[in-house]
Amino acid sequence: MADNFDALLNALPLILEGLIITLQLTVGGAILAMATAVVLGVLAQQDNILLRGFARVIIEFFRGTSLVVQLFWLFFVLPQFGLSFPAMAVGIAALGLNYGAYGAEIVRGSINSVPAGQWEATTALSLSKLQGMRRVIFPQAWALMIPSLSNLLVHLLKGTAIVSFITMADLTFRIDQLRVDTNTFFAYGVGLVLYFLIAYVLTLAMNALEARAKHKLGRGVSLPEALNLRSADTGVTSSTKEHV
Amino acid sequence: MEKRYGDNVVLRGLNFDVAKGDRVTLIGPSGSGKTTILRLVMTLEEAEGGYIFVDGEPLTHEERGGARVEMKGSHKHRLRQRIGMVFQQFNLFPNMTVMQNIIEAPVHVLGMSKKAAIAKAEGLLEQVGLADKAHSHPLELSGGQQQRVAIARALAMDPEILLLDEVTSALDPEIVGEVLGILRHIAETTDITMLIVTHEMQFARDVSNRVLMFDGGRIIEEATPEVMFSNPQHERTQSFLQAVLGNPMVEAAE
């Protein structure tokens with residue numbers, strides 16, 4: 001067992017490199033996915049059939065085809081047509097478009113869940129469609145979509161593991177290497193723990209975002225209160241904290 | 001203002017004018033098309049036929065060469081700015097404070113400076129008795145308070161026409177009075193044209209100068225409130241008022 005930990009210690013710099021690649025893919029993929037989700041989600045609920053149709057085709061295409069196959073297309077097939085991109089860019093693009101297509105459905109559903117009366121009020125106040133969406137409808141839909149987006153983000157993190165197929169030395173790749181000097185049980189055990197920790201941090205961050213979004217709608221406590229960084233109005237928790 | 005509808009099921013062959021400064025109350029049973037009229041004027045819904053004119057200008061469609069042609073978006077947008085609406089369910093924006101709700105449209109639609117909009121909003125909040133609630137969230141307020149904010153929000157746009165759609169129907173009986181009191185005051189101190197859909201007959205009596213009785217999508221009787229509530233001519237009006245008021249002949253005349 002001690003050998004295993006020595007091996008882990010030796011492999012740590014490389015595992016850290018892999019971790020950074022995994023995090024870059026996760027953050028880059030999440031940003032692209034979010035942008036894709038918002039654009040497609042908003043287009044998917046337009047009255048204009050062309051805009052809606054365009055969004056639907058893109059959404060169904062990326063949802064309906066395998067992420068691995070998309071990745072291979074971008075990395076191995078496109079270069080045959082003279083279009084080659086760095087592995088990191090391909091990874092982010094595939095993850096972002098694929099999870100963005102799923103996210104689009106979440107965005108669309110959340111926007112549709114905002115009561116019709118809110119739209120009517122924006123019309124009655126002569127706000128333009130864009131102003132209404134940006135300033136009134138989306139901020140309310142945002143609070144509704146965060147829990148589902150949070151799920152998707154964790155899926156995306158785990159989805160990054162397939163980029164080792166396109167020659168990237170991400171966390172999974174380094175864990176696999178660790179197996180050589182240790183054993184399957186130990187190496188993949190380390191993998192489980194590391195992925196779980198990242199997923200947990202992401203979930204906590206998303207929970208914080210959700211608390212903040214809800215508070216802005218006048219529901220629930222503010223973020224510092226939720227994190228217990230500042231004494232709440234009740235005084236009960238804060239006084240016990242001070243005495244401890 | 002004139003409206004006509006072809007063979008629309010909700011409103012048929014409807015045609016009426018509202019003069020500037022008029023306070024017109026629309027009464028009638030549910031489903032008689034009263035609320036639909038307000039929603040059409042606010043451009044929340046589209047009619048299948050007919051035209052609405054605001055100050056002589058066609059609102060959503062005009063007749064061109066015998067055809068019914070939709071007006072440009074910019075035209076609708078410009079004309080719509082002269083119309084305000086208060087809804088049954090208030091429809092305040094929960095992602096904004098009371099103050100932000102009120103200054104949103106003046107700043108982002110009318111291009112008013114934030115400072116001027118805030119000063120104006122403070123005056124309006126004073127008027128509706130909620131000066132201390134400027135920084136509250138809508139959901140922290142009672143229904144009556146939310147509706148008062150909604151009234152202030154509509155007034156912040158200086159509408160020439162105000163549409164009031166059953167503004168007290170979602171409120172507890174004991175706070176209906178505070179909202180109606182504010183509207184009464186607005187009616188007395190401004191010359192805003194008002195189209196009112198309400199079941200509060202006493203309010204209709206106090207505020208309006210004309211009452212239109214609707215049934216089955218058409219106007220079946222039109223009169224001043226005095227005549228309508230004390231001496232309705234149409235049988236349908238009599239039975240409706242009887243049901244709403246108990247005994248309209250006696251009570252309303254008092």
Side-chain angles (χ1 to χ4, degrees), chain A residues 38 42 45-51 107 110-147 149 209-226 232-234, chain B residues 35 38-39 41-46 60 73-74 76-98 100-111 135-141 146 149-150 153-159 161-165 170:
Chain A
V38 170
V42 170
Q45 52 97 53
Q46 294 297 312
D47 293 332
N48 187 317
I49 184 99
L50 284 176
L51 293 176
V107 170
S110 304
I111 287 173
N112 286 343
S113 304
V114 175
Q118 293 291 311
W119 270 119
E120 292 175 357
T122 66
T123 305
L125 290 170
S126 295
L127 294 174
S128 69
K129 275 253 158 31
L130 187 66
Q131 285 173 325
M133 175 61 83
R134 203 170 58 84
R135 305 190 53 85
V136 176
I137 306 300
F138 195 83
Q140 294 179 51
W142 174 236
L144 297 172
M145 67 180 84
I146 293 176
L149 289 181
L209 269 187
E210 188 188 356
R212 179 165 161 269
K214 280 193 172 160
H215 182 65
K216 278 196 174 169
L217 297 185
R219 297 199 306 257
V221 293
S222 74
L223 186 53
E225 283 161 5
D233 291 337
T234 57
Chain B
T35 289
L38 300 196
R39 294 174 60 82
V41 174
M42 196 65 257
T43 69
L44 299 177
E45 275 170 40
E46 260 188 41
T60 59
S74 58
K76 281 192 255 186
H77 182 73
R78 185 174 53 79
L79 215 48
R80 189 159 53 207
Q81 285 178 29
R82 300 166 69 175
I83 308 169
M85 185 163 181
V86 182
F87 299 87
Q88 182 177 352
Q89 297 294 341
F90 334 131
N91 295 350
L92 293 178
F93 305 138
N95 57 316
M96 301 180 186
T97 63
V98 165
Q100 287 167 336
N101 262 278
I102 299 175
I103 67 169
E104 177 66 21
V107 170
H108 292 101
V109 176
L110 302 181
H135 302 293
S136 300
H137 274 278
L139 294 182
E140 294 164 5
L141 305 180
Q146 288 190 51
V149 173
R153 183 174 74 170
L155 290 178
M157 289 293 279
D158 281 328
I161 301 167
L162 188 60
L163 311 172
L164 303 173
D165 182 17

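To find a chain, count down the sequence lines: A is the first, B the second, and so on, and within it residues start at 1.
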- Counting only heavy atoms not in D47(A), do more than 12 sit closer than 6.0 Å to its CG atom? no
- Heavy-atom neighbours of R212(A) CZ exceed 12 at 6.0 Å: no
- Please report the shortest heavy-atom distance between H137(B) and L217(A), naming the atom on each side. ND1-C, 4.2 Å
- If you take all heavy atoms of S126(A) and H77(B), which pair is closest and at what distance?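 The pair with the smallest heavy-atom distance is O-CE1, 2.7 Å.
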- Query: How about residues 118-125 of chain A versus chain B: which residues have heavy atoms under 4.5 Å apart?
  - Reply: Q118(A), E120(A), A121(A), T122(A), T123(A), A124(A), L125(A)
- Message: Please check: side-chain N/O of Q89(B) versus main-chain N/O of G117(A), any donor-acceptor pairing under 3.5 Å?
- Response: no
- Non-neighbouring partners of Q88(B) that pass side chain to side chain contact (heavy atoms under 4.5 Å, CB included), sequence neighbours left out: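 Once residues adjacent in sequence are excluded, the partners of Q88(B) under the side chain to side chain contact (heavy atoms under 4.5 Å, CB included) criterion are E166(B), S169(B), A170(B).
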Residue [X] versus chain A: region with a heavy atom under 4.5 Å:
{"X": "M42(B)", "value": "both"}
{"X": "F87(B)", "value": "side chain"}
{"X": "Q81(B)", "value": "both"}

- Item | Validation row: N95(B), R135(A) side chains within 4.5 angstrom (heavy atoms) | no
- Query: Does K214(A) have any salt bridge (charged side-chain N to carboxylate O under 4.0 Å, His left out) partners at least two apart in sequence or in another chain, and if so, which?
  - Reply: E210(A)
- Message: Tell me every residue that passes salt bridge (charged side-chain N to carboxylate O under 4.0 Å, His left out) with R78(B), counting only those two or more places apart in sequence or in another chain.
- Response: E57(B)
Based on non-hydrogen pairs under 4.5 Å, which of [options] is most in contact with chain A?
{"options": "R39(B), M157(B), M85(B), E104(B)", "answer": "E104(B)"}
{"options": "I83(B), T97(B), L44(B), L110(B)", "answer": "L44(B)"}
{"options": "R80(B), K76(B), M96(B), E140(B)", "answer": "R80(B)"}

